[in-house]
Peer 1: 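Have a look at this one before I ask anything.
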Amino acid sequence: MIGIQVRDALGAARRASGRLSGLLGRMRTRARRPAGALEATRWLFAVLALVTVVLALPGTLVAADGVTVVAAVAAAVTLGLSWVTGYLRRCAPPAMDVVDAVAMTVFALAGPEPAAVFGLVFAALWFRSLYGSALRAVLRWAVYAAGLIAAVPLWQYVPGHSVAADLVPVVSVIPTMLLTLVVGRQLAGSLRARERMAQLDAVHVSVGHRLLGVTDADEIRRIAWLATAQICAVLPGLRVVKVTRAGGALRVDGARGGFSGVPATLPADIVAIGGCEEGHVAVRGHAELDAAVGTPCAWACVPMTDARNRPGNEGLFLGYPGTVPDEALAAIDSLANQVALALRSSDVHQELTLRATLDNLTGLANRMSFNAALATTLEDTSAQDTTVLFVDLDDFKDVNDLFGHGAGDELLREVAGRLRRATRPGDLCARIGGDEFAILLHRTGSAPASVIAQRVVDAVAAPVHLDGGVARVGASVGVATATSESDLEQLIHRADVAMYSAKANGKGRIQVFAPGLVRG
């Protein structure tokens, strides 16, 4: 039994030691000067306030006697605890202001004269100016001033004070306290604005890094929408609604910020999305948006452009209580510009990719993409009966000689269209040379491939109406089906041999490759 009790006691001691170590670790972390400008200033003002208490206490204790010593120490400790608590919690509730005012009044009564507390008052004003709203700051100043004024009539009732205190020094310092409050609030506002700008810049830099190399338009929009949530976190109170024009209404595609409920659609006449490209447009009749937020807001529209930098059907509604901040509009504008640039880059990338894989004249696949598709098919162990058709136009040179090269190009485009119509949706048609074409048939043996090849021959043989007249060409088609031993070069060679054999044996016909076939 004793062993169990000892073990439990040791376990409790270890847990308590762990909690104490964690607390000390957090205190050491907070004791270091933070990196951010606002947090570093808060840390500095907290240190100065605590140092002011330490420096003011000896002079007060020298003049104090008996109960006033206890009162001065208690007031100093109360102020120190209040300021440390406010710093650690990053807030200063009204109750703390009252506690500060009472403690400073007690400190003034315990000192040699009420003016001895002025240093603590100004230290508290500077430190507390970084917390709360402007109204809270004014109320804090009023509470502190009331505490100082109350110390004057109470002065003569404190042991050791034989005469009444002079009211003039106390009253004369109150305007300076108000001035300190104004300067402190301005400093706090500047620091907050600087910190918000740094955070917004960090968001844009992060978006820029994440967009590097991204060519998918949907992924670009997803990254941007995540960044919108980060902007709302930097600017508390900001709401963002993404809308898209859909027929006679605006479809709501998403919302960021605090919403109690988001409508699926909004009236189309709430704002002219198409005219929003000229600048930020105030949203009209935004009762539905206010209802979604739960509080009245000012709303503005930020346009979104498409990949061609043209006004699109998408827009962002920005809402904020009172007035939409300029920094919010600037941040969303910058994000929209990043998205537009990324979409343009994506569009260019897609276009270049198409140009690299398609034949410029006919729009069919080119030789490189055909070979790549064929290689991929042959590498697939599940692929069976892969067949290649090689198509060469008969008498195409006569068309160029008779009608000109422009008519020849027109004929090639017409033949490309006929190949698409003569083959199946899953087949790949390509132009691999001047008047040579190739067709990749998946899972198609020689017999069904010959049927498709005959359709090609029949389709190409039909007259073609050109600007200069009617032209007629034929098609010689070679058919080669892969075997288990076939590779890309071997299969292409067999289709080529079969095609030349068809051309040598009368043109306008098909030839299936067979072992021993002699190229004519």
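Given the structure is predicted, the values throughout are model-derived calculations rather than measurements.
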Peer 1: Around R192, counting heavy atoms of other residues, nucleotides and ligands shown, do more than 12 lie under 6.0 Å from its CZ?
Peer 2: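 Counting other residues, nucleotides and ligands, CZ of R192 exceeds 12 neighbours.
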Peer 1: Would a 4.5 Å heavy-atom cut-off, applied to side chains only, mark I220 and T215 as touching?
Peer 2: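 Result no, sub-4.5 Å side-chain heavy-atom pair not found.
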Peer 1: T444 vs D385, test: side-chain contact (heavy atoms from CB on, under 4.5 Å). Steps then yes/no.
Peer 2: CA-CA 5 Å; T444 307; D385 296 330; 5.7 Å; no
Peer 1: Does V497 offer a backbone N or O that forms a donor-acceptor pair with the side chain of S501 under 3.5 Å?
Peer 2: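 No.
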Peer 1: With side-chain contact (heavy atoms from CB on, under 4.5 Å) as the test, would you mind laying out the steps for I432 and F390 before giving the verdict?
Peer 2: CA-CA 9 Å; I432 59 175; F390 264 34; 3.9 Å; yes
Peer 1: If we ignore hydrogens and angles and just use 3.5 Å, is the side chain of S190 paired with the main-chain N or O of Q186 as donor and acceptor?
Peer 2: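 Confirmed, S190 side chain pairs with Q186 backbone.
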Peer 1: Kindly determine whether E351 and R344 satisfy salt bridge (Lys or Arg N to Asp or Glu O under 4.0 Å), including the steps that lead there.
Peer 2: CA-CA 10 Å; E351 185 176 348; R344 287 198 293 274; over 6 Å; no
Peer 1: Taking R239 for the side chain and G237 for the main chain, is one N or O donor matched with an acceptor at less than 3.5 Å?
Peer 2: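 Answer holds: yes.
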Peer 1: Would you check if the side chain of D216 reaches a backbone N or O of E219 as a donor-acceptor pair within less than 3.5 Å?
Peer 2: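 A pair under 3.5 Å: yes.
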Peer 1: List the atom of G254, the atom of W225, and the distance in Å for their closest heavy-atom pair.
Peer 2: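 Distance-wise, the nearest heavy atoms are C-CZ2, 3.4 Å.
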Peer 1: Distance-only, no hydrogens or angles: does the S346 side chain make a donor-acceptor pair with backbone N or O of A342 under 3.5 Å?
Peer 2: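 The answer is no, because no donor-acceptor pair under 3.5 Å joins these two groups.
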Peer 1: Does R431 reach the main-chain N or O of G434 with its side chain, forming a donor-acceptor pair under 3.5 Å?
Peer 2: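 Answer holds: yes.
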Peer 1: Quick one: are V241 and L289 in side-chain contact, heavy atoms under 4.5 Å?
Peer 2: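 A side-chain contact under 4.5 Å exists here.
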Peer 1: So do the side chains of R494 and T483 get within less than 4.5 Å of each other, counting heavy atoms only?
Peer 2: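 They are in side-chain contact.
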Peer 1: Output the distance between atom CE (M499) and atom CG (D496), rounded to the nearest 0.5 Å.
Peer 2: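 Here the interatomic distance stands at 4.5 Å.
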Peer 1: Rounded at 0.5 Å granularity, tell me how far CG in L441 sits from OG1 in T423.
Peer 2: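 Separation between the atoms: 8.0 Å.
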Peer 1: Have W299 and D290 got a donor and an acceptor in their side chains that come within less than 3.5 Å?
Peer 2: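 On atom types as modelled, these side chains qualify, holding a pair under 3.5 Å.
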Peer 1: Check for a donor-acceptor pair, side chain of R140 on one end and backbone N or O of R128 on the other, with a separation under 3.5 Å.
Peer 2: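 Side chain of R140 to backbone of R128, a donor-acceptor pair under 3.5 Å: yes, one is there.
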Peer 1: Quick one: does D487's side chain get under 4.5 Å of L378's, heavy atoms only?
Peer 2: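 Of all side-chain heavy-atom pairs linking L378 with D487, none is under 4.5 Å.
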Peer 1: Answer with yes or no whether the side chains of T481 and T387 bring together a donor and an acceptor at under 3.5 Å.
Peer 2: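 Per modelled atom types, T387 and T481 side chains form a pair under 3.5 Å.
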Peer 1: Could you walk me through whether F403 and D398 satisfy the side-chain contact (heavy atoms from CB on, under 4.5 Å) test, starting with their C-alpha distance in whole Å, then the side-chain angles of each, then the deciding distance to 0.1 Å, before giving a yes or no?
Peer 2: CA-CA 8 Å; F403 298 105; D398 295 340; over 6 Å; no
Peer 1: Establish, for the pair R42 and Y131, whether the NZ or CZ atom is under 6.0 angstrom from the six-membered ring centre and no further than 45 degrees off its axis.
Peer 2: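 Satisfied, under 6.0 Å and within 45°.
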Peer 1: Just by modelled atom types, is the N366 backbone N or O under 3.5 Å from a matching donor or acceptor in the D359 side chain?
Peer 2: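 Not at all, since once roles are kept as given, no pair shorter than 3.5 Å links the two residues.
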Peer 1: Between L466 and V470, is there a side-chain heavy-atom distance shorter than 4.5 Å?
Peer 2: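 No, every pair of side-chain atoms sits at 4.5 Å or beyond.
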Peer 1: Do L38 and W43 come within less than 4.5 Å of each other through their side chains, counting heavy atoms only?
Peer 2: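 A side-chain contact under 4.5 Å is absent here.
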Peer 1: Do the side chains of K507 and D395 get close enough for a salt bridge, i.e. N-O under 4.0 angstrom?
Peer 2: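 Here K507 pairs with D395 in a salt bridge, since their nearest N and O are under 4.0 Å apart.
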Peer 1: Taking only Lys NZ, Arg NE, NH1 and NH2, and the carboxylate oxygens of Asp or Glu, determine whether E39 and R194 approach each other closer than 4.0 Å.
Peer 2: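 Judged by the 4.0 Å cut-off on N to carboxylate O distance, E39 and R194 do not form a salt bridge.
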Peer 1: Checking D394 against S476: is there a side-chain donor and acceptor pair closer than 3.5 Å?
Peer 2: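 Short answer, yes.
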Peer 1: If you compare all heavy atoms of P321 against all heavy atoms of C297, which two are closest, and at what distance to 0.1 Å?
Peer 2: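 Heavy atoms only, the tightest pair is N-SG, 3.9 Å.
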Peer 1: Report the C-alpha distance between W126 and F45 in whole Å, list the side-chain angles of each, state the deciding distance to 0.1 Å, and finish with yes or no for ring pair (Phe, Tyr, Trp, His ring centres under 6.0 Å).
Peer 2: CA-CA 7 Å; W126 279 111; F45 282 3; 5.8 Å; yes
Peer 1: For V293 and G258, work out which heavy atoms get closest and say how close.
Peer 2: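 Nearest pair, atom of V293 first, then G258: CG1-O, 3.8 Å.
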Peer 1: Could R424 and D427 be called an ion pair, given the rule that one side-chain N must be under 4.0 Å from one carboxylate O?
Peer 2: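 Salt bridge flag = yes for D427 with R424.
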Peer 1: Once rounded to the nearest 0.5 Å, what's the spacing between atom OG of S450 and atom CZ of R455?
Peer 2: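 Rounded to the nearest 0.5 Å, the OG-CZ separation comes out at 11.5 Å.
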Peer 1: Out of curiosity, L393 CG to K503 NZ, how far, rounded to the nearest 0.5 Å?
Peer 2: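 Between L393 CG and K503 NZ, I get 7.5 Å after rounding to 0.5 Å.
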Peer 1: Identify the heavy atoms of S133 and R185 that sit nearest to each other, and give their distance.
Peer 2: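 In this case the closest contact between S133 and R185 is C-NH2, 3.5 Å.
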Peer 1: Given L266 and F317, is the side-chain contact (heavy atoms from CB on, under 4.5 Å) satisfied, shown in steps?
Peer 2: CA-CA 11 Å; L266 293 170; F317 289 165; 3.8 Å; yes
Peer 1: Rounded at 0.5 Å granularity, tell me how far CG in L389 sits from CG in L440.
Peer 2: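 Between atom CG of L389 and atom CG of L440 there are 9.0 Å.
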Peer 1: Do you know the tightest heavy-atom contact between L364 and A416?
Peer 2: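 That would be CD1-CB, 3.6 Å.
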Peer 1: So, taking the atom named NZ in K242 and the one named CG in L250, what distance separates them when rounded to the nearest 0.5 Å?
Peer 2: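 K242 atom NZ to L250 atom CG measures 13.5 Å (nearest 0.5 Å).
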Peer 1: What heavy-atom pair brings A502 and I510 nearest, and what distance separates the two atoms?
Peer 2: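 Distance-wise, the nearest heavy atoms are CB-C, 4.2 Å.
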Peer 1: Quick one: does L226's side chain get under 4.5 Å of Q230's, heavy atoms only?
Peer 2: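 No - every pair of side-chain heavy atoms lies 4.5 Å or more apart.
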Peer 1: Ignoring hydrogens and geometry, is there a side-chain-to-backbone donor-acceptor pair from D435 to F396 under 3.5 Å?
Peer 2: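 No; judged by distance alone, with no hydrogens or angles, the pair does not exist.
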Peer 1: Just grab all the salt bridge (charged side-chain N to carboxylate O under 4.0 Å, His left out) pairs involving residues 318-327, residues at least two apart or on different chains.
Peer 2: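 Passing the test, one end in residues 318-327: R196-E327.
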Peer 1: Taking the basic N atoms (NZ, or NE/NH1/NH2) and the acidic carboxylate oxygens, is any pair closer than 4.0 Å for D409 and R413?
Peer 2: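 No salt bridge links D409 with R413.
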Peer 1: Within the structure provided, determine whether Q454 and I452 are in side-chain contact (heavy-atom separation under 4.5 Å).
Peer 2: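 The answer is no; the side chains never approach within 4.5 Å.
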Peer 1: For A330, does its backbone N or O pair with a side-chain atom of S334 as donor and acceptor, under 3.5 Å?
Peer 2: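 Looks like no, no N/O pair under 3.5 Å.
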Peer 1: Can you check salt bridge (Lys or Arg N to Asp or Glu O under 4.0 Å) on R222 and D218, steps first, answer last?
Peer 2: CA-CA 6 Å; R222 189 191 70 84; D218 291 337; over 6 Å; no
